Amino acid sequence: MRRRLILLAAGVTVAAAGGAAAALLTASGSNGAAGPGVTWAAGARRAPGFALRDEYGRPVSIAALRGRSILVTFIDPLCRNYCPLEARVLAGAVDSLPAAARPAIVAVSVNRWGDARGNLLEDERKWRVGPDWRWAVGGPAALASVWRRYAIAVAVTTRTLAGVTIHEITHTEASYLVDPSGHERALFVWPFGAGAVRSAVQSTAS
Amino acid sequence: VGSLARRLATLLVAVAIGAAPAPGALADGDPASDYLLSQQVFLPFDANVTAASSEKLAGVVRASNLDGYRIRVAVIGTRYDLGSVTALWEQPKTYARFLAAEIAFVYKGPLLVVMPNGVGFHAPGSATPAGYRAVAAVRVTPGTPGLMAAATSGVERLAAAHGVHVQPPALAAAAKHGRSNMLPIALGIVGAIAIAAAALFGFRRFGR
């Protein structure tokens, strides 16, 4: 029992510290000193391909976006803590670039129970992510394959409280920058700033 | 090198997640259950809650708690406010029970939930018929002002039913309309840090 409580306290501390950093970054409108956790040289690592569907049922894939930079991020449509903040930072970075240089944002869902079209569209509206944002959803196996190939950890906790079963998602909060040739160039682990994303996009666009 | 670095980076993230298995700590749950760990009131996102109504509700809740009737309040404006438990939209009574279970490890007192279609009340171990009668008398009128008025009225009635007569706080002269979305988040996070730090300190101290 004591061990569980200690882990709980540690978990809250980690969450709180991350959240505080994220809130401060977002609230201050910071350009973000927090840069990418990892970068790769041009042509060093091809981004894993996938074929999913967007919020309108249209195909969405890395291959179809060749020739344009892509920010591949992993978002829970029902998340109300870090995901909306990360979405706003990514959208802010994209908005700050000239129209011709703006990357696409592909948000791969990490919550198959939250993928209803209404949720996706409501998030876009509430999070003000703009027209460069597209969701990528699919069946459980297809999504799990994408998470695995991008090394995104997704843990599902299913609980029943007061007679209601819910699925709580814990996942790696991270985004990849894929250059126009389809190669990974940077991995941003939350929290990160819009300025760092913008700089990375600009430096890898050519 | 790139592959190794990526694996290392993602492993670190996975380890960080794995090291915190506590449900609700890092998981994407319902936001009210995060706020109410450290705050007395959860307000809906993007609902254009006026500073005046927010301050009035917060003041009534604060006064009630100070005067002897413990209460925490969740005002739910839309499905969006429920996060991963959208199944409980327009079910304020069930959500009150659910939310009470979510935060029971920190708070076990009375809990009031207000949704556009009604109110829910849960008071594990301390519910009284007078309390339920008080809540049953609360009506929610349409719109955000209706939600806020119902929440404020609900707290006043519940407190009164338990012999606590709270006085509405004087509104700050400088109250502005609208509010920052980030302020309550930051406050909630700071509160959570304080709780976690206190818990860790306590375990260390008593573990010796």
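Letters go in sequence order (proteins before strands), and every chain restarts at 1. Keep in mind the model is a prediction, meaning the values are calculated, not measured.
The CD atom of Glu102(B) sits 4.5 Å away from atom CZ of Arg159(A), with the distance rounded to the nearest 0.5 Å.
Sorted by first and then second residue, the side-chain hydrogen bond (donor to acceptor under 3.5 Å, both in side chains) pairs with a member in residues 130-145 of chain B form an empty list; sequence neighbours excluded.
The stretch residues 63-78 of chain A places Asp76(A), Leu78(A) near chain B, each with some heavy atom under 4.5 Å from a heavy atom of that chain. Applying a 4.5 Å heavy-atom cutoff, the residues of residues 73-81 of chain B that approach chain A are Thr78(B), Arg79(B), Tyr80(B). Residues of residues 90-101 of chain B that come closer than 4.5 Å to chain A, counting heavy atoms only, are Thr94(B), Arg97(B), Phe98(B), Ala101(B), ordered by residue number.
Taking both residues in full, the closest heavy atoms of Gly83(B) and Arg80(A) are given as CA-CG, 3.8 Å, listed atom of the first, atom of the second, then distance. Considering all non-hydrogen atoms of both residues, Glu168(A) and Ser84(B) come closest at CG-OG, 4.4 Å.
At least one side-chain heavy atom of Val164(A) sits under 4.5 Å from a side-chain heavy atom of Leu88(B).
Checked against Ile166(A) for a side-chain contact (heavy atoms from CB on, under 4.5 Å), the options Thr86(B), Asp30(B), Val85(B) give a single hit: Val85(B).
Of the two parts of Asn111(A), neither the backbone nor the side chain holds a non-hydrogen atom closer than 4.5 Å to a non-hydrogen atom of chain B.
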